[in-house]
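Read the numbers this way: they start at 1 and go in the same order the structure lists the ligands and their atoms. If you read the sequence from its start, that first residue is 1, and numbering goes on from there. Everything quoted here is computed from the prediction, not taken from an experiment.
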Amino acid sequence: MASDDQMDLFNLAGIAPTADPAPPSNFDPELIPTDVKVPIPPGTYSSMEQISLHCNRCHRCELGENRTNAVVGRGNANAPILIVGEGPGQTEDETGKAFVGKAGQLLDKILASVEITEEDVFISNIVKCRPPGNRTPTVQEMDACRPYLMEQIRMIDPKIILLMGAASVRGLTGDKRGITKIRGQWLEWDNRLCMPMLHPAYLLRNPSREKGSPKWLTWQDVQTVRSKLDEIRQEG
Ligand code: URA
Ligand code: URA
């Protein structure tokens with residue numbers, strides 16, 4: 001190779017790296033967390049694919065016994081907004097994709113109403129495996145699964161986190177207050193802005209759009225999120 005060509009290989013200024021960074025040397029795909037006692041320290045994973053690989057073989061809690069697919073998330077892994085639901089439902093368990101059932105379709109519409117696109121978000125859940133009959137995940141299950149979410153937050157580094165429903169608020173921040181009390185107001189957690197919102201499944205059961213209704217309140221909240229996203233982008 002001519003030396004000019006060789007030097008060109010070093011000329012990466014202004015070019016964003018396209019390949020995934022090298023996996024951390026401590027990632028061992030064989031080291032599946034089969035027990036909640038297996039630690040998952042920060043820096044264990046360097047891609048969503050690695051997290052997915054482990055989640056699909058994980059038995060840190062009993063939800064692993066009934067899953068078809070673990071659901072790690074969908075969207076842009078460099079998004080400014082992370083959306084955290086409660087846990088996969090039936091459609092999500094069957095497809096391995098987050099928020100693709102009825103609640104997910106409504107979530108997409110809520111985001112589209114303020115022109116938040118799939119590029120702007122990564123959509124995940126507190127627990128990655130479906131709780132039987134869509135019951136609320138237990139504290140033990142949320143604790144067992146939390147390291148995966150913490151790794152996702154570390155990798156995505158979102159400025160804004162939307163917490164869908166009471167279990168998501170409790171699962172991430174430990175805040176036990178009722179969702180109807182705290183929705184619509186920014187919470188600070190880990191130097192990030194968190195917006196507690198009503199869960200879209202709850203909106204499906206409460207279809208009224210009248211002023212003060214759950215859907216109307218959510219419309220207010222998603223506009224608040226849109227404004228904050230614009231503000232953050234202007235700050236650069
Ligand atoms: N409800 C959730 O909380 N998460 C999903 O992924 C689907 C439905
Ligand atoms: N209760 C919840 O847990 N979530 C909602 O969105 C509304 C009521």
Please list, in number order, the atoms of ligand 1 under 4.0 Å from a heavy atom of His199. 1 (N), 2 (C), 3 (O)
Quick one: does Pro131's side chain get under 4.5 Å of Thr136's, heavy atoms only? no
Just by distance, with hydrogens left out, do His54 and Tyr45 show a side-chain donor and acceptor under 3.5 Å apart? yes
Looking only at protein heavy atoms, what sits closest to atom 5 (C) of ligand 1 is Gly87 O, 3.4 Å
Just let me know how Met164 lines up against ligand 1, side chain, backbone, both or neither, with a heavy-atom cut-off below 4.0 Å. neither
Quick test of your reading: applying side-chain hydrogen bond (donor to acceptor under 3.5 Å, both in side chains), list the pairs with at least one residue in residues 149-160, sequence neighbours left out, ordered by first then second residue. Ser124-Gln152, Lys128-Gln152, Glu151-Arg154, Asp157-Arg192
Would you say Phe99 has any N or O atom under 3.5 Å from an N or O of ligand 1, going by distance alone? yes
Geometry only, no angles: is Ala98 polar-contacting ligand 1 at N/O separations under 3.5 Å? no
Enumerated ligand 1 atoms positioned under 4.0 Å from heavy atoms of Gly85: 3 (O)
For Phe99 versus Gly85, what's the shortest heavy-atom pair and its separation? CE1-CA, 3.6 Å
Lys215 atom NZ: more than 12 heavy-atom contacts under 6.0 Å: yes
Give a yes or no on this: more than 12 heavy atoms of other residues, nucleotides or ligands lie within 6.0 Å of atom CZ of Arg209. no
Restricting to non-hydrogen atoms, name the atom on Pro33 and the atom on Tyr148 that form the minimum distance, rounded to 0.1 Å. CG-OH, 3.3 Å
Give the residue and atom name of whichever protein heavy atom lies nearest to atom 4 (N) of ligand 1, and the separation in Å to one decimal. Asn125 OD1, 2.8 Å
Any nitrogen or oxygen of Glu92, side chain or backbone, less than 3.5 Å from one on ligand 1? no
For ligand 1, does Glu86 get within less than 4.0 Å through its side chain, its backbone, both, or neither, judged by non-hydrogen atoms? both
